[in-house]
Amino acid sequence: MNGLRLPSNCADTDDGMKCAIEVNNLCVSYRGKDGRSIQAVQNLSFSVGQGEVVGFLGPNGAGKSSTLKSMMGFVQPKSGECLVFGEPSWSESSRSRIGYLPEVAMYYPHLNPLETLTLYGELQGLRGQRLYTQAMDLLNLVGLGKSTRTLNRQLSKGMLQRVGIAQSLLGSPDLLVLDEVTSGLDPIGRQELREIMLDMRRHGTTIFFSSHELAEVEMLCDRILIIDQGKLVDEKHVGNLKSNLRKFSLCYLGAPQSEGALTNSTTGITTARFDSKPELIEAIAQVQSAGLEVLDVVTEEGSLEQYFIEAIQEAA
Amino acid sequence: MNKILIWRALARGVLLESIRRKDLWVVAILGFIIVCSAGALGFFGMSGLESFAKDLAASVLGGFSTILAIVTTGRLMPEETKNRTLYPLVARPISRFDLLFGKFLGGVAVAWISFLILCALTALALSIFGVKMEPIMLQYVMLKMMGLVVVCAVSLMLSTLMTPSAAVTMSFVILFGSSMLSRGLLMAFSTADPGVAPFYRVINGVLPQVSLFDIGGRAANTNWRLVPLWVIGALATYMVLYSAAMLSLSWAKFRRQAL
């Protein structure tokens, strides 16, 4: 399972392996305050392979939480289906394989983290010493080892989020569904969470999470899905995306050798920008054959944030 | 997965929350008031007032325990939704019925414990002043506990249909007014047209007959014999059927509710 990645349309591969998540033509609507129906998700289709880490991105109100709620069976879809490991996502058997972290993590204020995890663990089917050991291990993992007996209402927002993360990991789920996972966490908490997620990924856990923290997404994800106004507007593998976003600049002394190159009239330095490495190599060869001196080659890593904004604007 | 373990875990959560929220402090305060009242009665002498004291104690116990049961159970599910504690629960591999039933059992446990604490304090206060407790008082306690199950089921059902405050108000109206309403409906039935009369009977059948479980007045009267077993059996059947109907209605509303 280590590092296993399946193509995005991974349903029933040759070796019989199934998708972790399969969403087909999902439509979710709500009744607004004025009684009108609001389409939160429209004909959304995507799939996530087992062992993949997929980021689910979109602006506020794009339909991310509605999709996740529908996947968890909290909301009945108007049409379409969500399958988790080949079974309807609302079924008990599929939910026994999912660890879920809600967007706003709230836990019983008068219970402590250990009691909270014990309650959820029992509902997950864990019992006795095994449950106690796992709950303590998870609380230590998320940095709450010293606060196991502090009431939840006395914990900070970030600490509650850690309780939430711990409860989502109970029972070693095969799929983690995390809604706005880093909200409320301080930088140290984020780094610790990143480590946990990377570790889960190493162990073959499929992770599907929504986030506004694009740097996090860039570091963790194999693939991103961008949703806007309830529709999927883009889907990219992060590795490919990074290389696509990379830009190159070539600085040389002399007259422009290619279209779009700009020359500083004071210094006489020409700067040319290229979208790909072959174009850059070709330009260097051209400059050198013209007998000009190459001064510098600069690589600029494009940002996912810029790409995200452009994708949303393009969709709009 | 073992359903009983799921229900037990949920019920224990409700009980623990209730204890930590100091809900049972209310019971302690009420118990203190009962003890003080009994003390005041005892100060003036209990002689000849034993039946009155027991009748009063049973009425106070019945009223307080019903109020506590309504307030505790009526806010169970709405608070889960309002506080967003519902999501991590429903994300577990349990059905929504299991969730509802576990919460219901928790509500019943809180109502029973509160009632038993009040009973113990009342019995202690009365015994100090030499008031004897007959075996029928034990039957009163048992039947009242069965009645509290019906109270909790009605409150839980109403709380899935309306806002918590509306559910609590409606529960008070229905549960405290049911005996009065029943009397009115039976009178209306006896005087109504034959075509309309069954309608009153149906309404009367739908109303929770919690007064059937309250033998406080009779228990206070020492001349009353023990309630026959078949009556207790019939009341237990009524409790199970009525509570099952209420839980089914709650589940019908909750099972597809968007969260």
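Just so we're on the same page: letters track the sequence lines, and every chain starts at 1. Because the structure is predicted, anything quoted here is derived from the model rather than measured.
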Flag if over 12 foreign heavy atoms under 6.0 Å of [atom1], [X]:
X: Gln229(A); atom1: CD; answer: no
X: Tyr238(B); atom1: OH; answer: yes
X: Tyr30(A); atom1: OH; answer: yes

* **Side chain, backbone, both or neither of Leu151(A) within contact of chain B (heavy atoms, under 4.5 Å)** =>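 The side chain, not the backbone.
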* Between Gln76(A) and chain B, which part of the residue has a heavy atom less than 4.5 Å away: side chain, backbone, both or neither? ->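 When you check distances to chain B, only side chain atoms of Gln76(A) fall under 4.5 Å.
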* In terms of heavy-atom pairs under 4.5 Å with chain B, which of Ser93(A), Gly73(A), Gly164(A), Pro109(A) leads? ->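 Between Ser93(A), Gly73(A), Gly164(A), Pro109(A), the count favours Pro109(A).
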Nearest-0.5 Å distance that lies between atom [atom1] in [X] and atom [atom2] in [Y]:
X: Arg92(B); Y: Ile98(A); atom1: CZ; atom2: CD1; result: 11.0 Å
X: Leu126(A); Y: Leu5(B); atom1: CG; atom2: CG; result: 12.0 Å
X: Arg256(B); Y: Trp90(A); atom1: CZ; atom2: CH2; result: 8.5 Å
X: Asn83(B); Y: Met106(A); atom1: CG; atom2: CE; result: 6.0 Å

Heavy-atom distance under 4.5 Å between the side chains of [X] and [Y], does that happen here?
X: Arg84(B); Y: Pro102(A); answer: no
X: Pro88(B); Y: Tyr107(A); answer: yes
X: Leu111(A); Y: Glu17(B); answer: yes
X: Arg20(B); Y: Glu115(A); answer: yes
X: Tyr120(A); Y: Leu89(B); answer: yes
X: Ser18(B); Y: His110(A); answer: no
X: Ile6(B); Y: Glu122(A); answer: no

* Asked: Is it the side chain or the backbone of Glu80(B) that comes within 4.5 Å of chain A heavy atoms, both, or neither?
  ->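 Just the side chain, heavy atoms under 4.5 Å.
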* Residue Leu10(B) versus chain A: region with a heavy atom under 4.5 Å ->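 Contact with chain A: backbone and side chain both.
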* Asked: At their closest point, which heavy atom of Leu119(A) faces which heavy atom of Ala9(B), and how far apart are they?
  ->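 Looking at all heavy atoms of both residues, the shortest contact is CD1-O, 3.3 Å.
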* Determine, stepwise, if the pair Phe74(A) / Tyr87(B) fulfils ring-ring contact (aromatic ring centres under 6.0 Å, His included). => CA-CA 8 Å; Phe74(A) 302 162; Tyr87(B) 295 119; 5.3 Å; yes
* To do: Using atom types as modelled and distance alone, determine if a side-chain donor or acceptor of Arg95(A) lies under 3.5 Å from a backbone N or O of Val90(B).
  =>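 Yes, because the side chain of Arg95(A) sits within donor-acceptor range (under 3.5 Å) of the backbone of Val90(B).
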